[in-house]
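Contents: one structure, followed by commentary.
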Amino acid sequence: MTALYAWLEPTYQQIRHAFTQGHGHHALLFKAEPSLGVEKLIEAVARFLICQQENSEKPCTHCHACHLINAGSHPDVHYLASTENKDIGVDQVREINEKINQHAQQNGNKIVIIDGTERLTEAAANALLKTLEEPRPNTYFLLKTDITAALLPTIYSRCQTWLINLPSEATAIQWLQQQHSAETNEICTALRINYGRPLAALATLEQGLIEKRREFLRQFWVYYIRRSPLELLPLFDKELIFQQLDWLSAFLNDALKDQLGIKSGWICQDLARGIQQFNQHQNPLGLLKANQILQKVRSDLSEINAVNQELILLDGLTKMITEVFEK
Ligand SMILES: [Zn+2]
């Protein structure tokens, strides 16, 4: 078993401790920030509960149960998730209920893992609730949901909730340093532009996006000085377009923070000098307007057929010039 992400380890240890002390809960609800790899934590808890090796801190990885779970074929581990972006229906829950009513095939624990608990239809949630209200011996539910998602209050009342928040910056940086050889300031930038999410930051580093962002914002500067959309338009990349808009938006937001004297929470700390230079000719209302234009571009791009991508971008870049920079 690979090591658990550093920011999930404390929660895993608390859960493990509770179970080894004999007061583990039969239904654990993981309410998590997105992109923190919580599925790994759930997998680790499932493995711990399914391993037949008593008293081990971690799953042993070599008993029969561990072998089966490694192969993804343990008959007493059941998964429920939304498929093809559809809600989880009552029939799917009934099917699981039937399975857990039978004896465990491996004489150990039975586990039900539900990914995207917020996708249960009301009927499905009620069917699940019945099962949660009458805990069966050796049967455990591991539920995952988004931190912002709303669930039926009755589901909460039957579960023990574990909140998985963003790790501290120090924890995230330390972990990233173990994964990637980039300089610390690049690691910090990667983390900030991904709003503190270490896995996304790692992807940014691995895809060389720090350098791409730098180039892109350098070209934004040329566009700004020359008042020419055609300086920036060719740099938009179909695969990166939303990230590129985020880079711009973060730059403008930090410029606004600078204008308002807000020193904390900057995303583009690496570009502080450039932002101050840019700001010599900006005012808060203009920066707000520029960001509104960007948000409109973003929503148009996500709604309208991609055929018009270039036109939407051109229109937005032109508006920023006429309605903000030349005003
Ligand atoms: Zn084992």
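No experiment lies behind these values; they were computed from the predicted model shown. Atoms within a ligand are numbered from 1 in the order they appear, just like the ligands themselves. Counting begins at 1 with the first residue of the sequence.
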* Trace of the salt bridge (Lys or Arg N to Asp or Glu O under 4.0 Å) decision for Lys212 with Glu215 -> CA-CA 5 Å; Lys212 280 217 164 113; Glu215 269 169 39; over 6 Å; no
* To do: Please lay out, stage by stage, how Tyr12 and Lys40 fare under the test side-chain hydrogen bond (donor to acceptor under 3.5 Å, both in side chains).
  => CA-CA 10 Å; Tyr12 173 75; Lys40 297 274 184 210; over 6 Å; no
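Note on Glu43 versus Arg47: salt bridge recorded, some NZ/NE/NH1/NH2 to OD/OE distance being below 4.0 Å.
Shown here are the protein N/O/S atoms lying under 2.8 Å from the Zn ion (ligand 1), water excluded: Cys51 SG, Cys60 SG, Cys63 SG, Cys66 SG.
Between Tyr140 and Phe19, the ring center distance clears the sub-6.0 Å criterion.
Both tests pass for Arg227 against the ring of Tyr224: distance under 6.0 Å to the centre and angle within 45° of the axis.
Closest non-hydrogen pair, Lys263 versus Asp258, comes out as NZ-OD1, 4.3 Å.
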